Amino acid sequence: MDLVLVLVIQVLFAMASLALISVGLAVIFGMMRVINLAHGEFLMLGGYSAIVANQHGVNLWIAMLVVAPIVVGAIGVLVERTLIRFLYGRMIDTMLATWGLSLFLIGLVTGIFGNTTVGISAPLGGMAIGNYRTSIYGLVVIAITVVLLVAIYLVLRHTRLGLFARGTMQNPNMAAALGLSPPRVYAVTFGVGAALSGLAGALIAPISGVFPTIGIAYIAKAFITVIGGGAAILSGTVTAAALFGAIQEVATYFTTPVFGVVITLAAAIVLIRLLPQGITGRFLKRWL
Amino acid sequence: MIGLPLLLELSALLDVTVYLILAILALSLALVWGYGGILCFGQSAFFGLGAYAYAIAMFNIGESTIPFVLAIALPAAFAALLGYFMFYGRISDVYLGVITLTVTLILFNAVNSTAGPEYHIGEARLGGFNGIPSIPPLNWPGFPDSALDLEDLFYVSIVLLLAVYFGLRGLLVSRFGRVMVAIRENEQRAGFLGYDARLYKLGTFTLGGALAGLAGCLFANWGAFVSPTIFGLGQSAQIIIWVIVGGRGTLIGPVVGCIAIQWLTAFLGSAQLSKASLEHVLGPTIAKALSSVFGIADFSNTNLVLGAVLLAFVLLVPKGVMPTLLDLARATVGRRRPPATELMPDKAEGTT
């Protein structure tokens, strides 16, 4: 019974962390159709921002939940203004440019911080469930992810900002005719996506440590989640994260963590063969 | 060129040989992306598979004919399987890029984690992140005792590079090549004309995989060593950068881009822009300010340079060096019509 509870928590955590690392990418891709291959590096920068802020005396929770998203969000706006906006409508060039940005950021951060892992211990310690122990921090990450997803839903669905964003996403020309400024909406959206990535990177940092090439560990998972999810930002990310998170944990349980990831990614490729438009391309079509 | 080994020192000969080998890899993507219009971020997957297939087969067999064939056939078969999933799933260009990238990362992760002695295929230990050292060299077919030395490998690489280059030239003027370019230009229109775009793309992709595997086999010979980094992101990035710098829709461009970028990375690797040389270049005040902001400042790593090169070319010279030069030459010389296969290389990307 205790073992089942621990396994359930592990599966939930795998789902939550997949949703967490993917949602920033989903916002940028779902709304702007920009394939951001520097997404992994946004996560990495989030981790570094939190750790550096913490080392300079900022409370860890503030560093993770406030400083990291603000820093990476600002970097996101900067990147959109200096790079992405020249490449709208040229999807493959955007991909190549963000890949160049990704390599550049890896190189830059390696130059600044060196090529070593910076660790930060997970706060809150552990908790006993019968004969097993689980970390409380993992539960907090699950809770934060749920709150975050609900918040994104509420903002997109029930605020003017969300209305503008959805309108521009559906038809930028019509939005412009109604007096919105699509370039500004794009810049803000990219910034918000980057901020979400920064937050995710910061929350993951205590679990995995941070090093300049850590983005590579996340980027495949994040992309496969977003593409597997399909067009709808939230329901797509959540369903795909739930599916792949479960597959990953079950596969990890029977093999090793590395092969768990390998099996997940292989399953994702089969899924895309079956549902080229992703899960929400066929099911839950009308959802956000 | 033939007398080169007599003139060069051993290290220089090694450098030139690896440029030739990587040029074959560049040509494989020049075909798949530049002419086939298939954006493959995972060309290094086939390169690595070729190298690993050769190494593993070599340890088990000991005579290089079958390993050489395997190093080409296995990546080709893998490309065919992957291509089936992608093209028959009607996956669009952008997703192709993401999926091929993912496959490369899967292979990297899988091979990287096989360090223990329990991971072996026959006699060959996979070695995980340590790689496979002391891979036996190629030998002349049927004569296991007459192994190729470095000079022989240089000649073999040159012959194979020329064979691949002229083979592809021939392919491009054949019926297959023309249909391939037609599909790149407009898949739907080619479909209406009765060509099965999926089948032609699968053929192109498989051939590209085979050529990358050939390059991988030679590469494993060159260093007598192969490690998982061959599947890594940096390696896949480099191949894309060669093609984009040299120019999509040409064959010679990617070869030139490959040699130029490889030379640049090698140069930067040896130059070591250390703190001292930074001070020398920028003057002590700026260098001091930089290092007080960033702590240690060592910005000589290849990622930084490759990233900057890729960004600069995408933004400023998206067509690549060779097509831009050709355009300039045409504009100054006169209005010679470009050959059909080089029309509008921009359209290679598609916008769906």
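Here the structure is a predicted model, which means the values were calculated and not measured. In what follows, every chain begins at residue 1, and chains take the letters A, B, ... in the order their sequences are listed.
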K.L.:
Tell me, for A:L96 versus chain B, whether the close heavy atoms (under 4.5 Å) come from the side chain, the backbone, both or neither.
P.N.:
both
K.L.:
Would you call the rings of A:Y48 and A:F113 parallel, tilted or perpendicular, taking 30° and 60° as the class edges?
P.N.:
parallel
K.L.:
Check each atom of A:L274 against the heavy atoms of chain B and say whether the ones under 4.5 Å are side chain, backbone, both or neither.
P.N.:
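Neither the backbone nor the side chain of A:L274 comes within 4.5 Å of chain B.
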K.L.:
Heavy-atom cut-off 4.5 Å, strictly under: side chain, backbone, both or neither for B:L107 against chain A?
P.N.:
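It is neither, since no heavy atom gets under 4.5 Å.
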K.L.:
Is the shortest distance from a Lys or Arg side-chain nitrogen in B:K319 or A:D93 to a carboxylate oxygen in the other one below 4.0 Å?
P.N.:
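Judged by the 4.0 Å cut-off on N to carboxylate O distance, B:K319 and A:D93 do not form a salt bridge.
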K.L.:
Side chain from CB out, backbone as N, CA, C, O: work out which of these in A:L275 comes under 4.5 Å of a heavy atom of chain B, or both, or neither.
P.N.:
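Contact with chain B: none, neither part.
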K.L.:
Determine, using ring centers only, whether B:F231 and B:Y52 are less than 6.0 Å apart.
P.N.:
yes
K.L.:
Given A:F190 and A:I84, is the side chain to side chain contact (heavy atoms under 4.5 Å, CB included) satisfied, shown in steps?
P.N.:
CA-CA 9 Å; A:F190 200 87; A:I84 309 290; 4.0 Å; yes
K.L.:
For B:F108, is it the side chain, the backbone, both or neither that has a heavy atom under 4.5 Å from a heavy atom of chain A?
P.N.:
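Neither the backbone nor the side chain of B:F108 comes within 4.5 Å of chain A.
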K.L.:
Considering only heavy atoms, which portion of A:L105 lies under 4.5 Å from any heavy atom of chain B: side chain, backbone, both, or neither?
P.N.:
neither
K.L.:
I'd like to know which of B:I241, B:T102, B:I106 tops the heavy-atom pair count under 4.5 Å against chain A.
P.N.:
B:I106
K.L.:
Examine whether an atom of A:I35 lies under 4.5 Å from a heavy atom of chain B, and if so say whether it belongs to the side chain, the backbone or both; otherwise answer neither.
P.N.:
side chain
K.L.:
Could you tell me whether B:F78 and B:F205 have their ring centroids closer than 6.0 angstrom?
P.N.:
no
K.L.:
Would you tell me whether A:S208 and A:Y218 have side-chain atoms, one donor and one acceptor, within less than 3.5 Å of each other?
P.N.:
yes
K.L.:
Is it the case that A:R33 places NZ or CZ above or below the six-membered ring of A:F29, under 6.0 angstrom from the centre and within 45 degrees of the axis?
P.N.:
yes
K.L.:
Using a cut-off of under 4.5 Å for heavy-atom pairs, which of B:F41, B:F313, B:Y88 has the most such pairs with chain A?
P.N.:
B:F41
